Amino acid sequence: MSPWFNPARELDALIRRVAAGLPALGPAFDPQVRPATDARHGDYQANGILAAAKAAKANPRALATDLLSALQAEGTLAKAGLEVEVAGPGFLNFRLTPAALHAWIQAFPDADAWRRGAAALHAGRKVVIDYPSPNTAKQMHVGHLRPIVIGEAVARLLEFCGASLTRDNHIGDWGTNFGILILAIRLKGFVLDAASPTALEDLEALYKEGSALTKADPAALDAARAELARLQSGDAESLALWERIVAVSNAACQRIYDQFGLRSDVVLGESFYRDKVDQVYRELQACGLAEESDGALVVWHDEVPRYSRHAETKLPFIVRKKDGSSNYASTDLATVLYRAEVLGAQEVVYVTDGRQQDHFQQLFLTAEKWFKATGRTLPRLRHVWFGTILGEDGKAIKTKSGDPVRLQSLIDEATAKALEKVNEKSGDLPEAERRDVIAPRLGVAALRYADLVSNRTMDYRFSWDKMLAFEGNTAPYLLYQAVRVRSVFRNAGVAAGQGEAGATPPETPGEIALARKLLGFTAALDEASEDLRPHILCTYLHELAGAYSSFYADNKVLVDDPAVRARRLALCARTSALLESGLRLLGIEPLERM
RNA sequence: GAGGGGGUAGCUCAGCCGGAUUAGAGCAGCGGUUUUCUAAACCGCCGGUCGCGGGUUCGAGUCCCGCCCCCCUCGCCA
């Protein structure tokens with residue numbers, strides 16, 4: 001038989017199958033197969049026997065022994081190279097033999113093989129992912145870092161695990177702020193030159209002025225509303241201006257995306273749905289979900305106390321404002337429908353910050369009832385949210401003047417700091433390579449990795465020193481480790497993947513530990529994709545790099561013994577490929593040398 | 001008030017679908033390792049009443065209840 005790509009999953013299925021035939025366990029038995037909590041216990045453990053024994057009032061060790069006998073009689077375990085034993089109060093421990101580790105390493109040598117193995121997780125499922133979805137007419141700032149970085153990592157993870165993915169950049173290009181902006185442009189007689197390098201900054205400044213004006217002067221506020229109404233009613237002149245604003249804004253965003261290696265499959269902003277919200281209003285009212293409240297069209301969810309019409313603090317889902325205009329609830333509902341019916345989404349993933357949780361809960365509840373009432377099939381809707389970036393002082397990050405930190409200046413600073421480090425440590429590399437290749441990649445990688453390494457629901461403290469450190473769980477450390485592995489092949493004079501003929505199974509503790517860690521990738525993928533949490537992949541890669549370093553410290557690769565050399569070269573090749581594939585999954589492009 | 005997140009080593013954080021008599025990692029501190037493949041590394045030591053109090057269980061950092069502290073959100077912005 002060919003080796004199992006993901007032994008934990010196969011083991012789980014096998015145990016269920018065998019247990020189904022045992023009267024004491026039966027088909028409902030959940031074996032609770034997990035990676036072993038302690039390497040001394042083997043590679044995988046089944047915890048479920050204890051709970052089953054309790055339910056059946058049976059002796060757990062006896063039950064475990066019965067299950068073990070049945071498993072051994074079945075025969076698959078031995079073929080898969082899994083040793084099994086009853087341990088402790090009634091656990092089953094499974095350990096892959098060196099031969100099985102070796103077989104896996106031979107059978108799954110590169111990213112393509114891993115991708116094929118992982119594809120079972122989503123199996124062609126049609127997923128639409130919504131990120132980074134910025135608002136237009138503003139420069140990108142630090143607040144856009146997380147949706148870009150997390151969104152891209154989650155997208156790549158889904159794609160790697162077999163999803164048929166559509167990246168939909170749902171830009172905010174139709175909101176209230178356009179009234180203010182257009183008003184300010186008209187009052188100032190500003191002529192928007194898309195070619196001007198300061199076009200976007202000028203718009204931002206104008207918006208600030210306009211915003212101040214409307215706050216100070218009710219007449220100006222009315223004028224801004226009138227501008228918005230004019231735009232939304234299709235006034236040609238307003239539309240032309242709006243189009244130019246959006247174009248300038250998108251071009252600026254694209255310059256940032258390019259530096260992050262981001263691309264979108266479709267860009268369907270809020271404006272795209274402007275002729276699709278009427279259907280939403282109609283249908284929601286027709287099926288009795290939406291009603292008028294204070295002049296607005298709202299949806300209550302009485303079964304959820306917080307969104308109930310009886311709540312102390314009313315929090316209805318406002319789908320149409322009292323002035324008749326749409327808001328993001330309206331367009332988001334229209335967007336769900338479009339994604340389901342036109343894009344064929346079976347699942348929609350929204351990557352936004354955690355402050356929008358109420359909105360998405362209400363959106364999902366509303367969509368669920370609306371789709372049900374109209375006989376449609378609702379895609380699975382998931383809100384993948386994240387916490388805030390804090391400054392070194394522990395408060396939301398800002399510049400000294402209180403303005404948001406521009407994303408471009410973060411990239412520039414990261415690149416400059418990375419260049420400093422590289423100049424200091426690798427002055428022998430060509431200057432152009434340091435400046436044009438290594439520094440920008442290292443800088444952006446540091447920025448990204450710091451954003452991914454902690455659980456996304458946590459706030460995190462922004463620290464240049466930590467993200468750019470070459471020690472610890474950081475991008476520089478991982479990139480450096482990846483580069484070290486590559487150097488082995490330079491010295492050996494062979495390409496990764498070559499020189500493996502005659503390789504024997506891992507033998508030394510360092511080889512075995514590294515081989516087991518390589519297989520651990522499948523479990524890490526499982527866990528990371530379950531809740532779409534990239535930090536699990538970060539933790540794994542850091543552990544892999546550590547296992548490699550330990551291996552490398554006391555297992556010389558380029559030795560004379562051909563079998564030893566071959567198997568160590570194979571381990572290096574897999575480590576190299578896996579570190580680099582893992583980094584790419586996170587959106588980080590590895591380096592050849594640094 | 002309601003809801004969400006957080007409270008684990010000096011610092012930054014994993015672990016939280018309950019699991020195996022010693023709760024992990026990184027950083028910081030201390031001490032080692034190199035005539036040998038990138039030492040930007042590796043190895044070891046030091047360091048924790050897992051916010052507090054109850055409860056469930058063979059077993060709780062992990063589940064339940066109560067309480068305390070910090071952050072975020074709460075009617076027409078997204």
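Keep in mind that what you see is a predicted model, and the values were worked out from it rather than measured. Note on naming: letters A, B, ... go to the chains in the order of the sequence lines (proteins, then strands), and numbering restarts at 1 for each one. Excluded from the calculations below are hydrogen atoms, water molecules and symmetry mates; all remaining heavy atoms, backbone and side chain alike, are included.
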Would you indicate which nucleotide in B/A78, B/C76, B/C27 comes nearest to any side-chain atom of A/Asn327?
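Ranking B/A78, B/C76, B/C27 by closest atom to the A/Asn327 side chain puts B/A78 first.
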
Taking OP1 and OP2 of [N], is either one under 4.0 Å from a side-chain nitrogen or oxygen of [X]?
X        : N     : result
A/Arg484 : B/A39 : yes
A/Thr388 : B/C72 : no
A/His359 : B/C77 : no
A/Lys321 : B/C77 : yes
A/Thr313 : B/G75 : no

What is the distance from [atom1] of [X] to [atom2] of [N], rounded to the nearest Å?
X        : N     : atom1 : atom2 : result
A/Asn473 : B/U12 : CG    : P     : 16 Å
A/His383 : B/A78 : NE2   : C1'   : 12 Å
A/Gln32  : B/C17 : CD    : P     : 11 Å
A/Lys466 : B/C11 : NZ    : P     : 10 Å
A/Tyr477 : B/C13 : OH    : P     : 21 Å
A/Asp358 : B/G5  : CG    : P     : 12 Å
A/Phe91  : B/G18 : CZ    : C1'   : 10 Å
A/Lys556 : B/C37 : NZ    : P     : 6 Å

Taking the [atom1] atom of each, how far is [N] from [M], in whole Å?
N     : M     : atom1 : result
B/U34 : B/A39 : P     : 14 Å
B/G44 : B/G26 : P     : 10 Å
B/G51 : B/G15 : P     : 15 Å
B/G6  : B/C45 : P     : 32 Å
B/U33 : B/C52 : C1'   : 45 Å
B/G18 : B/C42 : C1'   : 36 Å
B/U73 : B/U57 : C1'   : 37 Å
B/C27 : B/C70 : P     : 33 Å

How is [X] classified with respect to the nucleic acid when contacts are heavy atoms under 4.0 Å: base, sugar-phosphate, or nothing?
X        : answer
A/Ala87  : base
A/Leu50  : base
A/Arg593 : base
A/Gln356 : base
A/Arg40  : base
A/Asp353 : nothing
A/Ser487 : base
A/Val453 : nothing
A/Asp428 : nothing
A/Lys421 : nothing
A/Leu558 : base
A/Glu530 : nothing

On RNA chain B, does the nearest nucleotide to A/Met594 precede the nearest nucleotide to A/His41 from the 5' side, or the other way round? Give the residue.
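Closest to the 5' end, via its nearest nucleotide, is A/His41.
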
Toward the 5' end of RNA chain B, which comes first, A/His542 or A/Arg461, by nearest nucleotide?
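The residue mapped nearer the 5' terminus is A/Arg461.
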
Could you check whether the side chain of A/Asn93 and the base of B/A20 have a donor-acceptor pair of N or O atoms closer than 3.5 Å, going by distance alone?
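Per atom types, the contact qualifies.
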
Answer yes or no: side-chain N or O of A/Ser293 and base N or O of B/G75 forming a donor-acceptor pair under 3.5 Å.
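By the distance-only test, yes, there is a pair.
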
Mutual orientation of the aromatic rings belonging to [X] and [Y] [parallel < 30°, tilted 30-60°, perpendicular > 60°]:
X        : Y        : answer
A/His170 : A/Tyr273 : tilted
A/Phe178 : A/Trp242 : perpendicular
A/Phe462 : A/Trp464 : perpendicular

Now, which nucleotide makes the Watson-Crick or G-U wobble pair with B/C52, with each of the two distances under 3.5 Å?
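Check on B/C52: paired to B/G66, both distances under 3.5 Å.
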
For B/C74, which nucleotide in any strand shown is its Watson-Crick or wobble partner with both distances under 3.5 Å?
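For B/C74, the partner nucleotide comes out as B/G1, under the 3.5 Å rule.
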
Taking the six-membered ring for Trp, is the centroid-to-centroid distance between A/Tyr350 and A/Phe360 below 6.0 Å?
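Yes.
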
Centre-to-centre under 6.0 Å for A/Tyr548 and A/Phe551, is that the case here?
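Ring centroids of A/Tyr548 and A/Phe551 are less than 6.0 Å from each other.
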
For the residue pair A/Lys425 and A/Phe470, would you count it as a cation-pi contact if the rule is NZ or CZ under 6.0 angstrom from the ring centre and within 45 degrees of the ring axis?
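Geometry flag: set, cation within 6.0 Å and 45°.
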
